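Below are the structure tokens for one structure; questions will follow.
As the structure is a computational prediction, the values presented were derived from the model and not from experiment. The first residue in the sequence is number 1, and the count goes up from there.
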Amino acid sequence: LQLFKMAANLVRAMSPFPRHLKELRIHLCQRSAASQGVRDFVENHYVDLKKSNPQFPILVRECSGVEPKVWARYEFGRERNLPLSNMSSDQVAKALQMLAEQK
């Protein structure tokens, strides 16, 4: 319960996303243990994140065997990514927050 609250607070802190951030893409595997935290994050926090950022593209892509990762696209087409393997839902939220804060 404490970790759920921590991730939820991070999601609220990210809303709305800064203007220089243009898109988030989350890739995960439907079954792998390495993607469990990402699946938990999506199941528990995607709706709130999308409600807080209704016009912002947040893409979730599931593919068997893929390494869990998040990509952030910024102004001028610049992109950064972070691996999310074996992270908890809270760690995934922190990774998203870190990408959102970068310029």
Side-chain angles (χ1 to χ4, degrees):
L1 185 61
Q2 183 65 22
L3 284 178
F4 180 80
K5 286 182 181 180
M6 195 178 307
N9 288 337
L10 285 169
V11 167
R12 279 192 293 281
M14 284 188 277
S15 301
F17 284 123
R19 295 178 53 89
H20 66 274
L21 184 63
K22 301 301 180 188
E23 177 185 87
L24 285 175
R25 293 187 313 272
I26 301 170
H27 290 207
L28 64 122
C29 175
Q30 305 96 315
R31 296 183 191 100
S32 76
S35 289
Q36 185 62 53
V38 182
R39 288 193 303 272
D40 292 344
F41 177 84
V42 171
E43 289 173 15
N44 294 312
H45 303 294
Y46 174 82
V47 171
D48 291 334
L49 196 57
K50 194 61 185 170
K51 281 181 181 177
S52 299
N53 300 278
Q55 302 301 317
F56 187 86
I58 304 170
L59 310 171
V60 178
R61 298 290 181 254
E62 295 179 329
C63 182
S64 184
V66 73
E67 177 189 2
K69 239 180 212 190
V70 61
W71 275 266
R73 186 173 53 83
Y74 302 93
E75 293 175 314
F76 311 113
R78 201 170 42 83
E79 291 192 0
R80 291 200 172 130
N81 70 72
L82 290 174
L84 302 174
S85 293
N86 300 309
M87 287 189 174
S88 67
S89 178
D90 180 50
Q91 291 169 319
V92 171
K94 286 179 184 177
L96 292 176
Q97 183 180 34
M98 187 170 59
L99 283 173
E101 292 172 351
Q102 289 184 358
K103 291 188 179 184

How long is the straight-line distance from CD of Glu75 back to NE2 of His20, given to the nearest 0.5 Å? 7.5 Å
Mind checking whether Tyr74 and Leu21 have side chains closer than 4.5 Å, heavy atoms only? yes
Over all heavy atoms of both residues, which pair between Asn86 and Gln91 is shortest? Give the atoms and the distance, please. O-OE1, 4.1 Å
So do the side chains of Glu101 and Pro18 get within less than 4.5 Å of each other, counting heavy atoms only? no
Take the angle between the ring planes of Phe17 and Phe56 and call it parallel below 30°, perpendicular above 60°, tilted in between. tilted
For the CZ atom of Phe41 and the CG atom of Leu96, what is their distance to the nearest 0.5 Å? 4.5 Å
Member of Arg80, Arg61, His27 meeting the side chain to side chain contact (heavy atoms under 4.5 Å, CB included) criterion with Trp71: His27
How close do Arg25 and Glu79 get, counting heavy atoms only, and between which atoms? NH2-OE1, 3.0 Å
Do Val60 and Val38 share a hydrophobic cluster, counting only Ile, Leu, Val, Met, Phe, Trp and Tyr and linking them when any side-chain heavy atoms are less than 4.5 Å apart? yes
Just wondering, are more than 12 heavy atoms of other shown residues or ligands nearer than 6.0 Å to CZ in Arg31? no
Linked, directly or transitively: Leu82 and Ile26 (ILVMFWY side chains, under 4.5 Å): yes
Going from CD on Gln30 to SG on Cys63, what distance comes out if it is rounded to the nearest 0.5 angstrom? 7.0 Å
Would you name the heavy atoms of Cys29 and Ser35 that are closest together and state the gap between them? N-OG, 3.0 Å
Is there a path of hydrophobic side-chain contacts, each under 4.5 Å between heavy atoms of I/L/V/M/F/W/Y residues, joining Met98 to Leu28? yes
Restricting to non-hydrogen atoms, name the atom on Leu24 and the atom on Ala72 that form the minimum distance, rounded to 0.1 Å. CD2-CB, 3.9 Å
Non-hydrogen atoms of Pro68 and Ala34 that approach each other most closely: CG-O, 3.5 Å
Tell me, do Pro83 and Glu67 make a side-chain contact under 4.5 Å, heavy atoms counted? yes
Between Leu99 and Gln102, is there a side-chain heavy-atom distance shorter than 4.5 Å? yes
Gap separating the CG atom of Leu49 from the CD1 atom of Ile58, nearest 0.5 angstrom: 4.0 Å
